Amino acid sequence: MPGGLQLLAVDVLMTDELRRRPSKPANRQAEAEAFRELSGLIARNPKRAISRFMDIAVRLCRAGSAGLSLIDENDAGEEELVWAAIAGALKGHLGQTMPRRASPCSLGIEAGRIVLVGRPERAFPAFAAITPPVVEELVVPLLDSGGLALGALWIAHHDADSTFDAEDARIMEHLAIQLVLALKLRDRLERKVGAHRANVALRAANIELAETSAFLQSVLDSSTDCIMVLSLAGKIELVNSGGLALMEADDLVGRCWPTLWGLGSGDGGDNDAGAAVRIAAAGGVSRFQGFSPTARGAPKWWDVAVTPIIGEFGRPLRLLVVSRDISGVKAAEERLAASERRLRVAQNFAEVGTFEWSIDSNIVYPSEQFCRLWGIAPQAAMPGEVFADHIHPDDRHLLLARRDGPIESAGDYVEYRVIRGEEVRWLARRGDVLRDADGRPTSVFGACFDVTDRRKAEEQQRLLMQELTHRVKNTMAMVQAIGLQTLRSAHSVEAAGAAFAARMQALSAAHDVLIHSNWSSTSLKPLIERAVRLHDDTGRRFLLDGPALILGPRAALTLALTLHELGTNALKYGALSNDQGRVELTWRVEDAGSDRRVVMTWREIDGPIVPQPTVQGFGSRLIRLGFGVPSGKAELVFTETGVVWTASASLAEIRFQGED
């Protein structure tokens with residue numbers, strides 16, 4: 001034995017392990033059925049039987065792979081081993097060749113007996129590239145009756161925990177005997193079969209082929225799909241009649257299939273169809289959906305599957321294309337998508353969110369607007385527990401009562417508060433319980449919408465009603481006080497009536513200004529203009545000058561009555577009692593340390609000299625109230641040039657001092 005083989009035997013041969021390892025029990029029934037099957041196949045079709053040997057070897061010996069390596073000569077006249085048939089994990093290596101002495105099979109062929117090899121890549125470098133790696137290989141030489149080596153039958157394990165034993169060796173030896181017979185029948189005996197028998201078999205095969213072809217053709221023609229057979233390059237070789245009808249074409253044979261798809265380059269190499277051809281030609285399966293019009297231009301959407309048609313040695317020979325018309329499905333999907341878009345726009349416009357709550361799983365399927373109302377990132381589904389972190393603690397019981405209570409109440413109308421960051425919003429929810437065919441409740445479908453504005457309006461209305469009640473009471477008290485004081489200081493009933501009516505008119509004007517500002521505060525200048533308008537028939541008797549200021553309700557009412565009294569006195573006795581007199585009414589803001597004060601001056605010009613009254617009536621007392629706030633001061637001076645009234649008060653008090 002050459003030195004190289006002696007080294008291999010030392011490194012990888014482990015045949016003696018077959019005697020030392022315990023053998024698995026023989027399965028005689030399975031073995032008998034397998035050999036019965038092989039015998040029948042060898043008699044009918046030796047070529048087909050050869051590949052079946054590998055499947056049976058894998059099954060009976062529980063191997064990872066099985067194969068047939070036959071001795072052949074390459075173009076240089078050197079012997080090599082060809083992997084002529086393979087089953088199992090190494091099937092992808094079908095058809096590969098390697099030098100005879102570069103394979104563990106050479107050990108069994110040289111020894112003329114069965115051998116067991118462990119981790120062959122240690123001695124045979126070519127096996128380092130074999131995937132999956134071979135852990136153990138059991139090799140049986142194939143010898144004809146004259147002792148001539150034909151090759152080897154082998155089985156392999158790829159799992160380190162799996163081993164072969166003597167029972168596997170016995171089965172493989174029996175299979176080898178049968179396999180030699182099959183090979184001899186394939187290579188020699190078939191050539192000796194008589195012409196008559198060959199002709200009969202040929203005629204039978206032709207009849208069977210014709211019947212099969214006719215049946216397949218009828219199947220193809222009956223299909224409502226477009227079925228094509230392509231070359232590996234993508235040229236159409238066959239189209240069923242139903243496919244031609246779908247494509248509205250008379251003939252497509254010879255056309256390059258990828259070019260029928262309108263996208264990509266002219267040869268269709270960079271569109272989905274071109275990519276599918278490349279994948280299938282390499283042995284893979286590809287599927288895609290795409291648009292391709294018919295020969296007459298009718299728009300069509302197709303669902304396409306491209307698969308390889310495998311030849312004798314496991315290599316793709318042609319490609320099978322099955323295209324199904326899904327134009328109706330696509331149209332329905334587009335209508336559904338458009339409907340969903342319209343619904344989404346309507347929900348966003350109306351600020352209404354929808355949801356479906358699965359009762360059994362407690363999973364909520366919300367719309368985008370529903371998530372937006374809750375202040376949650378949009379998502380397709382979420383557990384019901386998520387909402388407990390967002391609902392106001394004081395309102396949590398409202399949802400829990402409907403979720404955990406009677407199912408009929410789960411869809412009832414309810415309003416609750418949710419916390420969105422620093423903001424609290426009011427939401428309203430209404431739903432309906434959905435049931436299955438047996439009447440069992442399965443889910444709740446409902447809608448949610450924001451009612452914060454309505455809630456705020458209701459609260460504002462409640463506050464306004466309380467404020468109105470308060471204002472009416474205070475106004476009635478003021479009217480009562482004005483009436484009593486007017487009657488008490490009047491000289492006659494007629495004078496009392498006129499004075500009371502004028503004061504009510506001034507009070508009404510001040511109320512009008514306050515009402516326009518919701519009775520919370522008002523601008524100073526409009527209040528003054530409204531008050532002096534009653535005493536200026538020309539619109540030129542008053543000069544008003546001062547900065548924009550805001551008055552609270554108490555200061556506004558008091559100032560309006562005070563200006564009315566000043567104007568009334570000016571009409572009776574002062575600058576407004578003649579045609580030349582006028583009134584300068586000015587105001588300013590002065591800083592007085594930490595306090596800022598408003599100072600207002602009423603100065604009468606070009607009027608008669610007004611003597612200081614000897615009797616102080618209700619009007620005089622009003623004039624001395626000034627702005628009517630605690631910090632207020634007022635002074636009335638009678639000079640030779642006319643009456644001068646000066647009032648001052650804290651700016652903060654006249655702005656925000658409300659009624660008691």
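Computed from a predicted model, the values in this text were never measured in an experiment.
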Quiz item: Do Gln369 and Cys448 pass the side-chain contact (heavy atoms from CB on, under 4.5 Å) test, and can you show the C-alpha distance, the side-chain angles, and the key distance before you say yes or no?
Solution: CA-CA 9 Å; Gln369 181 64 21; Cys448 181; over 6 Å; no

Quiz item: Is it true that a side-chain atom of Glu356 and a backbone atom of Val364 form a donor plus acceptor pair closer than 3.5 Å?
Solution: no

Quiz prompt | Thr586 backbone acceptor or donor facing Arg603 side chain under 3.5 Å | solution = no

Self-check item: N-O pairing of Arg582 and Glu604 below 4.0 Å
Solution: no

Quiz item: Hey, are the side chains of His390 and Ile376 touching, using non-hydrogen atoms and a 4.5 Å cut-off?
Solution: yes

Self-check item: Verdict with reasoning, Ser292 to Lys300, per side-chain contact (heavy atoms from CB on, under 4.5 Å)
Solution: CA-CA 6 Å; Ser292 179; Lys300 292 281 187 182; 5.9 Å; no

Quiz item: Is any side-chain heavy atom of Met600 less than 4.5 Å from a side-chain heavy atom of Phe627?
Solution: yes

Practice problem: Side-chain contact test, heavy atoms from C-beta onward, threshold under 4.5 Å: evaluate it for Val304 versus Val321 and give yes or no. | Solution: yes

Quiz item: Under the side chain to side chain donor-acceptor pair (under 3.5 Å) test, which residues partner Arg588, sequence neighbours left out?
Solution: Glu590

Exercise. Check whether any side-chain heavy atom of Val583 sits under 4.5 Å from a side-chain heavy atom of Leu543, and report yes or no.
Key: no

Quiz item: For Arg324, does its backbone N or O pair with a side-chain atom of Asp303 as donor and acceptor, under 3.5 Å?
Solution: no

Self-check item: Donor-acceptor contact below 3.5 Å, side chain Asp438 vs main chain Arg440
Solution: no

Quiz item: Counting heavy atoms not belonging to Asp436, are there more than 12 under 6.0 Å from its CG?
Solution: yes

Quiz item: If only atom types and distance count, is the side chain of Arg429 paired as donor or acceptor with the main-chain N or O of Phe449 below 3.5 Å?
Solution: no

Exercise. Determine yes or no for a side-chain-to-main-chain donor-acceptor pair under 3.5 angstrom, with Asp272 supplying the side chain and Ala276 the backbone.
Key: no

Exercise. Quick one: do Ile605 and Thr641 satisfy side-chain contact (heavy atoms from CB on, under 4.5 Å)? Show the steps, please.
Key: CA-CA 6 Å; Ile605 302 171; Thr641 59; over 6 Å; no

Practice problem: Using distance alone, with no hydrogens and no angle criterion, decide if Arg597 and Ser650 have a side-chain donor and acceptor under 3.5 Å apart. | Solution: no

Quiz item: Just one of Val414, Val418, Ile391 clears the side chain to side chain contact (heavy atoms under 4.5 Å, CB included) bar with Leu427, so which one?
Solution: Val418

Quiz prompt | Exam field: side chain Thr354 to backbone Gly446, donor-acceptor pair closer than 3.5 Å | solution = no

Quiz item: Going by an N to O cut-off under 4.0 Å, is there a salt bridge joining Glu415 and Arg430?
Solution: no

Self-check item: 4.5 Å side-chain heavy-atom contact, Ile623 and Leu566
Solution: yes

Quiz prompt | Taking every non-hydrogen atom, the tightest pair across Ala531 and Ala560 | solution = CB-O, 4.5 Å

Exercise. Kindly indicate whether the side chain of Pro630, heavy atoms from C-beta on, has any atom under 4.5 Å from the side chain of Glu653.
Key: yes

Exercise. Begin with the C-alpha distance, continue with both residues' side-chain angles, and end with the deciding distance and a verdict on ring pair (Phe, Tyr, Trp, His ring centres under 6.0 Å) for Trp374 and Tyr416.
Key: CA-CA 11 Å; Trp374 274 81; Tyr416 48 82; 5.6 Å; yes

Exercise. May I ask you to decide if the ring planes of Phe542 and Trp602 are parallel, tilted or perpendicular, using 30° and 60° as cut-offs?
Key: perpendicular

Quiz item: Does Tyr573 OH have over 12 foreign heavy atoms under 6.0 Å away?
Solution: no

Exercise. Go through the steps for Ile528 and Leu563 under the test side-chain contact (heavy atoms from CB on, under 4.5 Å), then give the verdict.
Key: CA-CA 8 Å; Ile528 294 174; Leu563 294 178; 4.0 Å; yes

Practice problem: Fit a plane to each ring of Trp261 and Phe288, take the angle between them on a 0 to 90° scale, and name the class: parallel (under 30°), tilted (30 to 60°) or perpendicular (over 60°). | Solution: perpendicular

Quiz item: Is it true that a side-chain atom of Ser358 and a backbone atom of Asn362 form a donor plus acceptor pair closer than 3.5 Å?
Solution: no

Practice problem: Would you check if Thr646 and Val599 make a side-chain contact, meaning some heavy-atom pair closer than 4.5 Å? | Solution: yes

Quiz item: Can you tell me if CZ on Arg255 sees more than 12 non-hydrogen neighbours from other groups inside 6.0 Å?
Solution: no

Exercise. Verify, without hydrogens or angle tests, whether Thr259 (side chain) and Cys256 (backbone) share a donor-acceptor contact under 3.5 angstrom.
Key: yes

Quiz item: Hey, is the main chain of Pro526 close enough, under 3.5 Å, to the side chain of Ser523 for a donor-acceptor pair?
Solution: no

Practice problem: Step through the shown structure and confirm whether more than 12 heavy atoms of other residues, nucleotides or ligands are within 6.0 Å of NZ on Lys525. | Solution: no

Quiz prompt | Heavy-atom side-chain contact between Leu246 and Asp225 under 4.5 Å | solution = no

